[in-house]
Structure formats: structure tokens, C-alpha cells
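Read the structure below first, then the notes.
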Amino acid sequence: MFGITIRVSNEAAAFWNLVDEAAALEDAPSFRALNYPAHLTLARYGAIEPARLAAGLEILASAGPLTIAFDRVCFFDNAPLVLWLRPREDRGLRDLHRHLHAAIGEDGCAPHYRPLQWQPHATLASSVPGRNRQNALDFAEKPIADFSMTFDIADALQWPPVSILHSRQLA
């Protein structure tokens with residue numbers, strides 16, 4: 001897999017506290033196992049030409065850092081269940097995503113990451129087993145204290161395992 005993300009370079013303590021709470025519902029902590037910071041994935045591909053990834057980073061680099069507020073835990077009801085943080089609606093983030101896809105095209109991009117279908121999210125746990133489904137739903141219903149994270153680096157990645165191919169500071 002290949003992808004383009006924006007990530008935080010600071011500690012993001014509120015995010016990691018929620019990651020650790022969510023991990024208690026998994027057999028093994030999935031997000032910490034990535035060894036990668038808090039991030040938002042803007043595009044995901046099975047395969048992509050390296051030049052398209054590089055072009056995507058150039059589009060993102062000119063955007064400047066984005067401070068995004070998060071206000072709720074949600075879930076994708078898959079098997080396994082995925083817990084994630086919902087960002088407040090942010091026009092800058094939506095525009096960044098749209099500009100990225102307009103510049104590099106949607107060919108080969110996973111459907112859920114294409115414009116008009118993309119749900120921005122910061123994953124907390126990606127492998128909650130079915131036996132913990134109700135506990136995960138209860139976790140998602142529990143209110144959280146709103147917090148913000150500043151996304152200031154764009155990466156082109158390959159995984160598994162996560163390997164940064166190229167990075168650009170959002171300036």
C-alpha cells in the first residue's frame with residue numbers, strides 16, 4: 001500500500017491517551033504498532049507511480065500547517081471494528097484534499113479516499129475484535145474533551161510496515 005498523509009510533529013498527548021484507551025479493546029495495540037505519529041490519510045493506493053506521490057507532496061507543502069479540532073470518537077462497523085476520531089468540519093482540510101486529488105488524479109485511489117467519499121478521520125484502533133464490539137460502541141458514545149492538533153508535515157508512505165518515502169514541511 002501507498003498513501004499520502006499529513007501528520008503532527010508535536011507530542012499530541014490527548015490523541016495518544018485516546019489511542020491507549022482504545023487499544024485496551026484490541027488483542028494487541030494496532031496504532032502504536034505502526035510506530036508513526038498522529039495523522040490524517042488523504043489518499044491511499046494499492047500502487048502508484050513515485051512521480052505522482054512527489055507531485056502530491058508539492059501541492060501539500062504550499063498549503064501551510066492546519067490546526068484541526070477533534071470532538072468525537074466514531075467507528076467504522078467493519079470486521080474488525082475501527083475506532084477513530086472525527087475532526088470538526090474544516091474547509092481548509094477539505095480544500096487541501098480536493099486540491100491534492102485534482103493535481104494527481106484519482107486513478108488507483110481507494111474509493112473511500114476519493115473526493116466526495118472521503119471521511120476525514122484519525123484512527124485510534126483498527127483491530128477491535130467482534131467480542132469487544134459493544135465495549136467499543138460504548139467507548140464511541142462516551143463524550144471526549146475537544147482538543148486540537150496541528151498537522152505540519154506531509155508524507156508519502158509505503159506500508160506495511162510504515163516507511164516514509166518522502167516528507168515535506170507544510171509551510
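Source: prediction; values computed, not measured. All values below come from the heavy atoms of this structure, side chains included, with hydrogens, waters and symmetry mates left out.
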If you apply the rule side-chain contact (heavy atoms from CB on, under 4.5 Å), what do you find for Val8 with Thr150, and how did you get there? CA-CA 6 Å; Val8 301; Thr150 299; 5.7 Å; no
Is any side-chain heavy atom of [Y] closer than 4.5 Å to one of [X]?
| X | Y | result |
| --- | --- | --- |
| Arg52 | Tyr45 | yes |
| Phe2 | Leu157 | no |
| Asp155 | Arg7 | yes |
| Gln158 | Met1 | no |

Derivation and outcome, side chain to side chain donor-acceptor pair (under 3.5 Å), residues Glu21 and Asn17: CA-CA 6 Å; Glu21 282 187 62; Asn17 290 339; over 6 Å; no
Can you name the nearest heavy-atom pair linking [X] to [Y], along with the distance?
| X | Y | answer |
| --- | --- | --- |
| Ala125 | Ala22 | CB-CB, 3.8 Å |
| Leu57 | Ser167 | CD1-N, 4.1 Å |
| Leu100 | Gly56 | CD1-CA, 3.4 Å |
| Phe15 | Thr123 | CZ-O, 3.6 Å |
| Leu96 | Leu66 | CD2-CD1, 3.6 Å |
| Ala136 | Leu83 | O-CD2, 3.7 Å |

Could you pull out every donor-acceptor pair under 3.5 Å between side chains of residues 102-119 and any protein atom, sequence neighbours left out?
from, atom 1, to, atom 2, distance (Å)
Arg114, NE, Cys109, O, 2.9
Arg114, NH2, Cys109, O, 2.9
Trp118, NE1, Thr41, O, 3.1

Is it the case that more than 12 heavy atoms not belonging to Asn78 sit under 6.0 Å from its CG atom? yes
Please name all residues satisfying side-chain contact (heavy atoms from CB on, under 4.5 Å) with Pro129, sequence neighbours left out, ordered by chain then number. Asp27, Arg131, Asn132
Ring center gap for Phe75 and His121 short of 6.0 angstrom: no
Give the cluster check for Ile153 versus Leu165: same hydrophobic cluster or not, with ILVMFWY residues linked at side-chain heavy-atom distances below 4.5 Å. no
Residue pair Thr67 / Ser148, side-chain donor-acceptor N/O under 3.5 Å: no
Rounded to the nearest 0.5 Å, how far does [atom2] of [Y] lie from [atom1] of [X]?
| X | Y | atom1 | atom2 | value |
| --- | --- | --- | --- | --- |
| Leu81 | Leu25 | CG | CG | 9.0 Å |
| Asn10 | Asp152 | CG | CG | 7.0 Å |
| Ile68 | Asp90 | CD1 | CG | 3.5 Å |
| Leu137 | Glu141 | CG | CD | 7.5 Å |
| Ile6 | Leu93 | CD1 | CG | 5.5 Å |
| Met149 | Ser9 | CE | OG | 12.0 Å |

Run Tyr36 and Phe31 through side-chain contact (heavy atoms from CB on, under 4.5 Å) and show every step you take. CA-CA 8 Å; Tyr36 188 69; Phe31 197 85; 5.6 Å; no
For residues 35-44, which residue pairs pass the salt bridge (Lys or Arg N to Asp or Glu O under 4.0 Å) check, not counting sequence neighbours? none
Write out all pairs satisfying ring-ring contact (aromatic ring centres under 6.0 Å, His included) with one or both partners inside residues 141-171, taking only residues at least two apart or from two chains. Phe70-Phe147
Should side-chain heavy atoms under 4.5 Å link Ile, Leu, Val, Met, Phe, Trp and Tyr, which residues sit in the same cluster as Ile59? none
Does Phe76 sit in a hydrophobic cluster with other residues, and if so which ones, taking ILVMFWY side chains as linked at heavy-atom separations under 4.5 Å, directly or through other members? Val82, Trp84
Taking the basic N atoms (NZ, or NE/NH1/NH2) and the acidic carboxylate oxygens, is any pair closer than 4.0 Å for Arg91 and Asp95? yes
Given salt bridge (charged side-chain N to carboxylate O under 4.0 Å, His left out), test Asp77 with Arg133 step by step and report yes or no. CA-CA 9 Å; Asp77 203 359; Arg133 183 178 189 281; 2.6 Å; yes
Could you go through the side-chain contact (heavy atoms from CB on, under 4.5 Å) check for Leu85 and Leu18 one step at a time? CA-CA 9 Å; Leu85 284 173; Leu18 288 167; 3.8 Å; yes
Among His99, Arg94, His101, find the one that has a side-chain hydrogen bond (donor to acceptor under 3.5 Å, both in side chains) with His97. His101
Audit row: Glu26, Ser127, side chain to side chain donor-acceptor pair (under 3.5 Å) steps and yes/no: CA-CA 6 Å; Glu26 299 178 291; Ser127 60; 2.8 Å; yes
